[in-house]
Amino acid sequence: MAASAPADSSSGATTARSRLRAWLLEGLTDMAKHHPGPHAGPQSAHKGQRWWRVMCLTGVDYFSTLGYQPGIAALAAGLLSPVATIVLVIVTLAGALPVYRRVAEESPRGQGSIAMLERLLSFWKGKLFVLTLLGFAATDFLITITLSAADASTHLVENPHLTGALHGQEVIITLILVALLGAVFLKGFLEAIGVAIVLVALYLGLNVVVVVVALWHVAQAPHVVTDWSQALTTEHGNVLAMVGVALLVFPKLALGLSGFETGVAVMPHIEGESDDTEERPTGRIRGARKLLTTAAVIMSVFLIITSFVTTLLIPADDFKPGGQANGRALAFLAHEYLGSAFGTVYDVSTIAILWFAGASAMAGLLNLMPQYLPRYGMAPHWARAVRPMVLVFTLVAFLVTWLFNADVDAQGGAYATGVLVLISSAAIAVTIAAHRAGQRGWTIGFAAISAVFLYTTVVNVIERPDGVKIGACFIAGIILLSFLSRLARAFELRVTSVALDDMAQRFIRDTAQRTIRFIANEPDQRDVAEYRDKLQQIRSDNDLSSADDCVFVEVTVGDPSEFESELRVRGEVLHGRYRVLCLDSSTISNALAALLLHVRDTTGQRPHIYFEWTEGNPFAQFLRFFLFGQGEVAPVTREVLREAEPDRARRPRVHVG
């Protein structure tokens with residue numbers, strides 16, 4: 001019995017690892033539900049959640065800014081805070097909302113403006129451009145997670161009942177909140193939506209109470225309005241001067257635009273209609289537009305009213321760093337006018353929604369990254385699964401929290417930069433889309449909106465350059481890891497399927513009656529001399545007789561930056577005697593390996609392929625293969641075959657002369 005214990009222990013460990021792996025990769029199924037394949041039927045396209053439920057998921061990010069936006073406006077604009085907030089609302093409703101309603105129509109799979117701009121550039125230029133935008137998206141979404149959790153910990157620490165016990169523990173509290181957020185997504189996406197609905201309903205309900213009570217106090221003391229208007233006139237003179245100053249300080253209020261990108265990023269989770277198709281999910285688009293419009297209107301109403309009552313009822317000194325209303329203006333009013341008990345309940349709801357504000361960002365990351373990086377070959381296969389990616393993003397959030405010491409102000413610049421770059425890219429993308437559609441009026445309108453957001457972005461970068469620096473770190477990290485991943489996966493069999501036309505199938509059937517021999521040929525002039533000389537050279541190098549039947553194989557490289565693609569093979573007879581299989585692919589070696597394996601599987605025979613050595617430095621040839629899909633074809637083809645088929649007895653044979 002004792003002798004069997006190690007075996008049992010080993011078997012138990014193996015079983016545990018298998019269960020852990022199965023649990024981690026279970027998310028692949030979840031992602032597939034929201035990203036059906038190109039041949040999916042209508043029924044697969046309309047499953048999901050009602051738009052208002054998904055709005056709550058994005059709303060935990062968007063609505064939670066009420067926790068700090070009035071304070072930011074007061075610090076930036078002072079007495080002009082309500083006017084500056086009205087400018088923000090105008091930009092929201094007349095700028096960001098129309099832009100993202102158009103983005104929802106143009107990119108209903110949740111890829112957002114990145115997918116729209118990706119179509120403008122091809123080859124590696126397009127990939128690098130997308131990776132750069134993904135870097136800013138990662139900055140926006142990850143900083144949303146860490147900044148919101150840090151702000152939640154600040155609200156917790158500054159509660160009058162807890163400040164003595166928790167002061168100085170902000171980093172630990174933030175890390176715990178980030179870990180809890182990750183745990184919710186490890187449990188499942190539906191659980192995240194359920195939590196979001198409860199938090200949004202509670203938080204908005206409590207804010208309605210605070211706002212109504214605050215407005216009542218303003219009505220009871222009308223002199224505060226008179227004092228404010230007189231002070232405003234004394235300080236700025238006239239309305240035009242006020243508007244001018246409000247426009248200048250508007251970039252500092254840009255965090256109030258933070259919910260739009262996540263709104264389109266989670267589009268695949270919106271329930272469509274029975275007649276939706278994946279190519280044109282009309283119901284999903286309609287639901288996304290309702291989501292964006294409803295969230296923007298709710299937030300705009302709250303922003304205007306809260307900026308008004310906080311400016312009138314809270315002394316200016318309390319907004320400053322160290323003041324009781326710094327970063328928590330509405331919480332200050334809740335404690336001041338509704339008592340300590342209600343104020344504590346409000347604090348709890350604010351802490352909860354700020355903590356869970358990272359949920360919409362996490363959902364956006366889980367939707368966005370797997371749609372690009374694995375398709376580019378720039379992430380492992382498991383990056384398509386939900387749970388491994390949740391673990392990765394949670395660990396990165398830990399690192400960011402530690403580096404910034406859970407400081408909200410230190411992360412604010414990066415957050416605003418990420419938000420504004422993505423909104424600017426969306427505005428530019430819809431401007432181009434409108435221009436291509438021949439919609440002159442929309443083109444002019446979107447161009448004006450783009451100018452506003454570009455101005456805002458530039459001003460924000462000048463005032464807070466640390467945001468660009470942090471974004472650059474994310475971009476550099478994504479590009480470096482992406483290329484390392486692609487390098488590690490360079491010898492994978494990247495072909496998703498092989499399709500032969502009738503002529504190509506006839507060639508394979510004919511040669512299958514004998515030994516199947518292919519000659520790899522780089523097409524040049526494609527004249528008689530080219531094929532005659534190549535055939536003679538291969539026969540001489542490999543001691544083949546004239547009786548040996550050979551078929552030429554030629555690969556035309558399309559976009560070498562693409563990683564996975566379908567392989568289409570067509571057969572041609574040139575000069576009345578030479579049979580040629582023509583392949584279009586992103587890489588030569590992977591296409592040849594895929595063809596050889598397909599022929600082996602369909603005929604039951606091991607095909608042979610013949611190459612000539614390529615002249616040149618091996619390292620330079622590998623870089624040509626990595627970047628341009630060409631290079632030293634023979635050894636790379638053999639390596640792809642070796643990885644795809646570990647059994648040497650079944651592996652197609654590669655000959656080089």
Side-chain angles (χ1 to χ4, degrees), residues 31-59 61-62 92-120 133 137 189 193 196 257 259-299 360 363-364 366-368 370-372 422-423 425-439 441-443 445-446 449-450:
M31 294 302 290
K33 290 178 182 176
H34 304 295
H35 303 291
H39 305 294
Q43 294 302 317
S44 65
H46 63 88
K47 294 180 180 179
Q49 300 289 316
R50 299 292 298 276
W51 66 266
W52 60 269
R53 292 173 63 89
V54 181
M55 184 192 73
C56 290
L57 183 64
T58 63
D61 172 22
Y62 196 20
T92 297
L93 298 179
L97 181 58
V99 164
Y100 278 95
R101 284 172 61 91
R102 182 63 177 260
V103 170
E105 179 182 356
E106 297 282 344
S107 182
R109 295 184 181 181
Q111 295 164 301
S113 58
I114 296 177
M116 297 172 65
L117 294 171
E118 181 189 22
R119 302 168 196 154
L120 302 178
L133 288 181
F189 184 77
I193 289 184
L257 299 166
F260 285 98
E261 194 67 30
T262 51
V264 294
V266 298
M267 270 190 71
H269 302 296
I270 298 175
E271 179 185 52
E273 297 176 355
S274 58
D275 57 348
D276 278 9
T277 63
E278 189 61 23
E279 291 74 23
R280 191 62 185 170
T282 306
R284 185 197 297 170
I285 294 172
R286 189 179 297 116
R289 287 180 161 185
K290 290 178 182 177
L291 180 157
L292 293 168
T293 303
T294 304
V297 170
I298 291 173
M299 190 62 177
S360 60
L366 293 174
N367 179 65
L368 200 60
Q371 293 203 54
Y372 288 100
L422 291 178
I423 291 182
S425 70
I428 293 170
V430 298
T431 303
I432 296 170
H435 175 70
R436 289 184 168 181
Q439 300 169 331
W442 280 112
T443 302
F446 285 137
I449 295 171
S450 300

Listed by chain and number, what are the side-chain contact (heavy atoms from CB on, under 4.5 Å) partners of Ala434, not counting sequence neighbours?
Arg102, Gln439, Trp442, Thr443, Phe446
Taking 4.0 angstrom as the limit, do Glu271 and Arg53 come out as a salt bridge?
no
Who passes side-chain hydrogen bond (donor to acceptor under 3.5 Å, both in side chains) against Thr293, sequence neighbours left out?
Arg101
side-chain hydrogen bond (donor to acceptor under 3.5 Å, both in side chains) partners of Ser450, counting only residues at least two apart:
Thr431
Sub-4.5 Å side-chain heavy-atom contact between Arg289 and Glu105:
yes
So CD1 of Ile449 and CG of Leu97: to nearest 0.5 Å the spacing works out to 9.5 Å
Out of curiosity, Leu291 CG to Arg284 CZ, how far, rounded to the nearest 0.5 Å?
13.0 Å
Closest approach of [X] to [Y] (non-hydrogen atoms, all atoms of both residues):
X: Leu133; Y: Ser425; answer: CD2-CB, 4.2 Å
X: Ile285; Y: Pro108; answer: CG1-CB, 3.9 Å
X: Gly263; Y: Thr58; answer: CA-CG2, 3.7 Å
X: Thr92; Y: Pro98; answer: O-CD, 4.4 Å
X: Val264; Y: Leu292; answer: CG1-CD1, 4.2 Å

For Trp51, check ring-ring contact (aromatic ring centres under 6.0 Å, His included) against everything at least two apart and list the hits.
none
Partners meeting ring-ring contact (aromatic ring centres under 6.0 Å, His included) with Phe260 (sequence neighbours left out)
Tyr62, Tyr100
For Val103, is there any backbone N or O sitting under 3.5 Å from a side-chain donor or acceptor partner on Ser107?
no
Just to verify, what does Arg436 make a salt bridge (charged side-chain N to carboxylate O under 4.0 Å, His left out) with, not counting sequence neighbours?
none
